[in-house]
K.L.:
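I have a structure here, written as structure tokens, and I will follow up with some questions on it.
The basis for the numbers below is simple: all heavy atoms, side chains too, and nothing from hydrogens, waters or symmetry mates. Residue numbers run from 1 in the order of the sequence given.
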Amino acid sequence: HVQLVESGGDSVQAGGSLILSCVARRLLASTSCLAWFRQAPGKEREGIAAVRPNGPPSYEESVKGRFIISRVISGNAETTLYLQMSRLKPEDSAMYYCAATEDWHCRDGRLPDFVAYWGQGTQVTVS
């Protein structure tokens with residue numbers, strides 16, 4: 001089965017930067033949309049960025065211009081998903097989750113409307 005393992009979460013000061021990583025194993029990268037979600041205490045989980053096999057990435061409005069999503073497909077059937085976060089704000093504090101789903105669920109530049117696989121999450125705290 002598909003395995004997603006995130007890393008990179010940390011505590012940072014407002015205005016700082018952080019890079020999250022997610023290694024996806026046993027994933028068919030050519031037909032998968034990969035995304036980052038986050039969930040703050042007391043709030044619903046929300047999609048913030050997605051990248052498809054083809055086409056430009058998609059971003060939630062509050063992170064546009066500050067976050068960059070990218071993916072690197074390695075030769076050993078692994079895909080690494082990144083989230084470069086800059087100009088971090090306290091409201092960015094949340095558990096961040098890596099997600100994978102069929103490309104169809106990211107059509108037309110939308111953030112995923114369905115997620116097939118989740119990572120375990122990595123905590124980002126901005127103070």
K.L.:
What distance separates Arg38 CZ from Asp92 CG, expressed to the nearest 0.5 Å?
P.N.:
5.0 Å
K.L.:
Would you mind telling me which of Val51, Leu83, Val63 makes a side chain to side chain contact (heavy atoms under 4.5 Å, CB included) with Trp36?
P.N.:
Leu83
K.L.:
Are Arg66 and Lys89 packed together at the side-chain level, in the sense that at least one heavy-atom pair is separated by less than 4.5 angstrom?
P.N.:
yes
K.L.:
Roughly how far apart are Asp10 CG and Gln123 CD, rounded to 0.5 Å?
P.N.:
10.5 Å
K.L.:
If you round to the nearest 0.5 Å, how far is CE of Met85 from CG of Leu20?
P.N.:
3.5 Å
K.L.:
Of the non-hydrogen atoms in Ala94 and Ala40, which two are nearest, and what is the gap between them?
P.N.:
CB-N, 3.8 Å
K.L.:
Could you tell me whether the side chain of Gln39 and the main chain of Lys43 form a donor-acceptor pair under 3.5 Å?
P.N.:
yes
K.L.:
Sub-3.5 Å donor-acceptor pair from the side chain of Glu6 to the main-chain atoms of Gly121, do we have one?
P.N.:
yes
K.L.:
Rounded to the nearest 0.5 Å, what separates atom OG in Ser58 from atom CD1 in Ile48?
P.N.:
12.5 Å
K.L.:
Is any side-chain heavy atom of Val115 closer than 4.5 Å to a side-chain heavy atom of Glu102?
P.N.:
no
K.L.:
Hey, could you give me the OG1/CD1 distance between Thr80 and Ile73, rounded to the nearest 0.5 Å?
P.N.:
10.0 Å
K.L.:
Can you tell me if Gln120 has over 12 outside heavy atoms packed within less than 6.0 Å of its CD?
P.N.:
yes
K.L.:
Tell me whether Met95 shares a hydrophobic cluster with Val126, the cluster being built from Ile, Leu, Val, Met, Phe, Trp, Tyr side chains joined at under 4.5 Å.
P.N.:
no
K.L.:
Whether the side chain of Arg26 engages the backbone of His1 through a donor-acceptor N/O pair (distance < 3.5 Å, no angle test) should be reported.
P.N.:
yes
K.L.:
Provide the closest heavy-atom pair for Ser17 versus Arg87 in the form atom of the first, atom of the second, distance.
P.N.:
OG-N, 4.4 Å
K.L.:
Any side-chain heavy atom of Leu81 within less than 4.5 Å of one from Ile69?
P.N.:
yes
K.L.:
So, for Leu111 and Gly47, which heavy atoms are closest and what is the spacing to 0.1 Å?
P.N.:
CD1-O, 3.3 Å
K.L.:
Suppose the criterion is ring pair (Phe, Tyr, Trp, His ring centres under 6.0 Å): which pairs have a residue in residues 84-107, not counting sequence neighbours?
P.N.:
His105-Phe114
K.L.:
Please name the pair of heavy atoms, one in Leu4 and one in Trp118, separated by the smallest distance, quoted to 0.1 Å.
P.N.:
CD1-C, 3.8 Å
K.L.:
When clusters are formed by joining ILVMFWY residues with side-chain heavy atoms under 4.5 Å apart, either directly or through shared neighbours, do Ile19 and Val72 land in the same one?
P.N.:
yes
K.L.:
Please determine whether the number of non-hydrogen atoms from other residues, nucleotides or ligands lying under 6.0 Å from atom CD of Glu61 exceeds 12.
P.N.:
no
K.L.:
To the closest 0.5 Å, what do you measure between CD (Glu46) and CZ (Phe37)?
P.N.:
9.5 Å
K.L.:
If you look at every heavy atom in Pro53 and Ser32, which pair is closest and at what distance?
P.N.:
CD-O, 3.2 Å
K.L.:
Which is it for Asp108 and Arg52 under the salt bridge (charged side-chain N to carboxylate O under 4.0 Å, His left out) test, yes or no, and what are the steps along the way?
P.N.:
CA-CA 10 Å; Asp108 302 324; Arg52 305 177 66 186; 6.0 Å; no
K.L.:
Just wondering, do Gln13 and Leu88 contact through their side chains at under 4.5 Å, heavy atoms?
P.N.:
no
K.L.:
Do Thr79 and Val23 have side-chain heavy atoms sitting under 4.5 Å apart?
P.N.:
no
